[in-house]
Amino acid sequence: MVDEATKKSLTCIPVLKTKAGPRDKDLWVQRLKEEYQALIQYVQNNKGADNDWFRLESNKEGTRWFGKCWYIHNLLKYEFDIEFDIPVTYPATAPEIALPELDGKTAKMYRGGKICLTDHFKPLWARNVPKFGIAHAMALGLGPWLAVEIPDMIEKGVISYKEKT
Amino acid sequence: VDTSGVSLDDLMAQMKAM
């Protein structure tokens, strides 16, 4: 089940309209504009809620995305790189978000650092195509994953705080 | 989302500036 905080943040992210993938030429450009618009709104929402937890940007074609996410645990801010590609069958297929630095440090990850999502994610995504986009994948996928896995990895000593110089 | 009147380049720049 999706927790209440995630549900609330999801409802505040604008939904997308255009069903287009990276090979759909002009329609893909339209989809990309919608993706960016939704992401901008989501980041603004997060800033307003004092929970600014990620940044993302893409290559010019919008097929490769990268950025950073942050998780605060015991007053320390942990930072991780994010990367993912847009699958050819997007948006029917959700992007596989990866945190490459954590590859091999948790069982909740596929090879290459791709995060394992809960059983709820795929059917929820499928029911909401094409309305859900990258912002929704972050809210439904990476956000909850960080909340569960990062504290666990910290407690186990698998990851340690890196002070910014 | 309402993307009328805004270009993709503008949106990319807006996201980068956040």
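Throughout, a chain's letter reflects where its sequence line sits, starting with A, and its residues are numbered from 1.
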Distance (rounded to the nearest 0.5 Å) between Asp152(A) CG and Thr106(A) OG1 =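 These two atoms lie 7.0 Å from each other.
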When you check the side-chain N and O atoms of Asp10(B) and Gln14(B), is any donor under 3.5 Å from an acceptor?
->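 Judged by distance alone, the side chains do not pair up.
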Is it the side chain or the backbone of [X] that comes within 4.5 Å of chain B heavy atoms, both, or neither?
X: Gln44(A); value: both
X: Lys60(A); value: backbone
X: Glu57(A); value: side chain

Under a 4.5 Å heavy-atom cutoff, which of Gln37(A), Gln30(A), Gln41(A) has the most pairs with chain B?
->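 Ranked by heavy-atom pairs under 4.5 Å with chain B, first place is Gln37(A).
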Which one of Leu16(A), Leu39(A), Ile40(A) has the most heavy-atom pairs closer than 4.5 Å to chain B?
->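 Result: the option with the highest number of such pairs is Ile40(A).
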Determine whether more than 12 heavy atoms belonging to other residues, nucleotides or ligands lie under 6.0 Å from atom CG of Asn59(A).
->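 Buried by this count: over 12 neighbours within 6.0 Å.
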For the residue pair Tyr90(A) and Trp125(A), does the interplanar ring angle fall in the parallel (under 30°), tilted (30 to 60°) or perpendicular (over 60°) class?
->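 Tyr90(A) and Trp125(A): tilted rings.
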For the pair Asp81(A) and Lys68(A), find out whether any cationic side-chain nitrogen is under 4.0 Å from an anionic carboxylate oxygen.
->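 A salt bridge is present here (some side-chain N lies under 4.0 Å from a carboxylate O).
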